Amino acid sequence: MESTDRTKRSGRIDAQTPAVPRVAVIGGGPAGLMAAEVARAGGADVQLYERLGSVGRKFLVAGKGGLNLTHGESAETFAGRYGARRQEVGRWLAQFDAAAIRDWARGLGVETFVGSSGRVFPRDLKAAPLLRGWVRRLRASGVGFHVQHRWLGWSDDGALRAVVDAVVLALGGGSWPVLGSDGSWVPVLADRGVAITPLEPSNCGFDVAWSEHFSQRHAGHPLKPVIVEWSDDQGRILRQQGEFVVTATGVEGSLIYALSGPLRDAIKAHGSAQIRLDLAPGRDAQRLAGDLARSRGSRSTSEHWRRHAGIDGVKAGLLHEVLSKAQLQDSALVARTLKALPLTLTKARPIAEAISSAGGATFAAFDESLMLRKVPGVFCAGEMIDWEAPTGGYLLTACFASGRIAGAGAARWSGQVARNPQ
């Protein structure tokens, strides 16, 4: 362990009486904080290390729009949000689910409520009070905090650079590196023989080859309400209503994030992915065609669309992107296009811009306590593990739950080591 502030060396892990189980938690995000809480409750001396100047940076940023802690849907539906990892993550959630998170928050003096979408928020919609109360309780329980410290991994002789009995790594994935999760741990664990799926962007935006005119005129404009439809290689149709934002380079926002995993994989497989947009979800195609077929008289085409179909601004701009001038005069074609406007996504935005990441250490690399099989005594939690989920409280829930499992496992392991020193 090395302090990134070279004037501060007080955070070094000192040797202690062998009878005292010693656990180091590396990473001060939600998974690391939860691991520290559970390991301390399990009787271990816990020291937590964070590379930045304070803990919970990403947690605070996530709470700026209202901290979405978890979701109120059924356990089966909830687990399904984790896609191919529904069974593995579902086992985590069986030990710490949405109801448990609400009880845990209440224990910190933070009451929660379920919004109309099923998402669960603190009543004040703020992350800072919860984080302050959590850190205060951890300090009071005896957890030591050491900021501006960087994990150096193992020394040349294979020894862990920390005099402890167990370590929980909660170093995040690869998204938002400015907030601490830069994926620099990947080659370190790979060198120890840990199987790792490459990190990729998740809950991300995508590039679209906009015309310069459209990009300059409509970047930053929201598209709502709108339905996105996409068909996978098996012909299954994913269809979801919501909203997203046009950017200078493409599209981003909650509706796009919800489909980002399969869209990213489709682009990897085929070089691009085409989605279809229903820009008038409140009107069926027949009614829309009839409305647009009305005589426009002296009115302009754009005014005719606005008056009879409610289409203007960025939605009208999209029609101009995909139809020629001659085609724009064909009201039947315009109506069909409004109900299924094709949009080709060419590339996922960089992982540094993504809300979260996919990939990480594979589930096969761990035992049930989230200890690395190749590196006994080292546990992992959070986005270091190979799972992904949409926004909506699912990311935080899995980070909390995996942190608890890793923290409990570290406490048990460290206790065994302390009782039976080599």
Side-chain angles (χ1 to χ4, degrees), residues 23-27 29-32 34-35 79 81-93 95 150-162 164 166-175 177 180-204 260-262 264-269 348 350-352 354 356-389 394-395 398-399 401-410 412-413:
V23 172
V25 176
I26 317 298
M34 190 61 81
R81 304 297 184 182
Y82 299 92
R85 303 301 177 207
R86 59 171 56 86
Q87 291 187 345
E88 294 93 338
V89 178
R91 286 193 286 269
W92 299 351
L93 304 183
Q95 299 180 53
R150 178 166 54 94
W151 181 57
L152 298 178
W154 288 268
S155 61
D156 293 340
D157 64 1
L160 187 68
R161 297 177 188 268
V164 292
V167 173
V168 177
L169 301 179
L171 298 169
S175 65
S181 55
D182 59 7
S184 60
W185 54 267
V186 170
V188 179
L189 291 190
D191 285 347
R192 307 296 295 181
V194 177
I196 297 173
T197 302
L199 297 178
E200 297 181 296
S202 182
N203 291 298
C204 59
S260 63
R264 177 199 66 228
D265 293 343
I267 292 172
K268 285 171 54 184
I351 194 170
S356 58
S357 59
T362 66
F363 275 87
F366 299 96
D367 68 9
E368 292 184 355
S369 67
L370 294 181
M371 184 174 73
L372 289 168
R373 299 181 190 276
K374 293 281 188 177
V375 196
V378 176
F379 300 74
C380 295
E383 286 190 55
M384 291 183 70
I385 304 171
D386 183 15
W387 59 273
E388 66 177 314
Y394 309 107
L395 295 166
C399 285
S402 62
R404 292 187 70 86
I405 292 170
R412 288 193 300 271
W413 179 272

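Here the structure is a predicted model, which means the values were calculated and not measured.
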Participant: Report the distance from atom CE of Met384 to atom CD1 of Ile26, rounding to the nearest 0.5 Å.
Facilitator: 10.0 Å
Participant: Which atom names give the shortest non-hydrogen contact between Ala24 and Val164, and what distance separates them?
Facilitator: CB-CG1, 4.0 Å
Participant: Strictly distance-based, threshold 3.5 Å: is any side-chain N or O of Asn203 a donor or acceptor partner for the main-chain N or O of Ala354?
Facilitator: no
Participant: Looking only at non-hydrogen atoms, find the nearest pair between Gly32 and Val25 and report the distance.
Facilitator: O-CG1, 3.4 Å
Participant: Quick check: does any side chain N or O of Arg373 sit under 3.5 Å from a backbone N or O of Ala364, one acting as donor and the other as acceptor?
Facilitator: yes
Participant: For residues Ser181 and Gly172, report the shortest heavy-atom separation together with the two atoms involved.
Facilitator: CB-CA, 3.9 Å
Participant: Please evaluate residues Leu169 and Trp151 with respect to the criterion side-chain contact (heavy atoms from CB on, under 4.5 Å), reporting the C-alpha separation (whole Å), side-chain torsions for both, the decisive distance (0.1 Å), and the verdict.
Facilitator: CA-CA 9 Å; Leu169 301 179; Trp151 181 57; 3.8 Å; yes
Participant: Using the rule given for side-chain contact (heavy atoms from CB on, under 4.5 Å), can you reason through Leu370 versus Cys380, listing the C-alpha separation, both sets of side-chain angles and the distance that settles it, and then say yes or no?
Facilitator: CA-CA 6 Å; Leu370 294 181; Cys380 295; 5.8 Å; no
Participant: Test side-chain contact (heavy atoms from CB on, under 4.5 Å) on Trp154 and Val375 and set out the steps.
Facilitator: CA-CA 11 Å; Trp154 288 268; Val375 196; 3.5 Å; yes
Participant: Taking the side chain from Arg192 and the backbone from Lys374, do they hold a donor-acceptor pair closer than 3.5 Å?
Facilitator: no
Participant: Could you tell me whether the side chain of Ser402 and the main chain of Gly382 form a donor-acceptor pair under 3.5 Å?
Facilitator: yes
Participant: On a heavy-atom basis, which atom in Gly183 and which in Leu199 lie closest, and how many Å separate them?
Facilitator: CA-CD1, 4.0 Å
Participant: Determine whether a donor-acceptor pair (N or O, by modelled atom type, separation under 3.5 Å) exists between the side chain of Ser202 and the backbone of Ser356.
Facilitator: no
Participant: Please name the pair of heavy atoms, one in Trp185 and one in Gly360, separated by the smallest distance, quoted to 0.1 Å.
Facilitator: CH2-CA, 4.0 Å
Participant: Strictly distance-based, threshold 3.5 Å: is any side-chain N or O of Glu383 a donor or acceptor partner for the main-chain N or O of Ser357?
Facilitator: yes
Participant: Looking at Gly377 and Trp413, what are the two nearest heavy atoms and their distance?
Facilitator: CA-NE1, 3.4 Å
Participant: Report the distance from atom CH2 of Trp387 to atom CH2 of Trp92, rounding to the nearest 0.5 Å.
Facilitator: 6.5 Å
Participant: Do Glu388 and Glu200 touch side chain to side chain, with heavy atoms closer than 4.5 Å?
Facilitator: no
Participant: Is the closest side-chain heavy-atom distance between Phe379 and Val167 below 4.5 Å?
Facilitator: no
Participant: CD1 of Ile385 to CD1 of Ile196: how many Å apart, nearest 0.5 Å?
Facilitator: 11.5 Å
Participant: State whether the side chain of Arg264 and the backbone N or O of Pro201 hold a donor-acceptor pair below 3.5 Å, judged by distance alone.
Facilitator: yes
Participant: Supply the atom-to-atom distance Glu88 CD to Phe363 CZ, rounded to the nearest 0.5 angstrom.
Facilitator: 5.0 Å
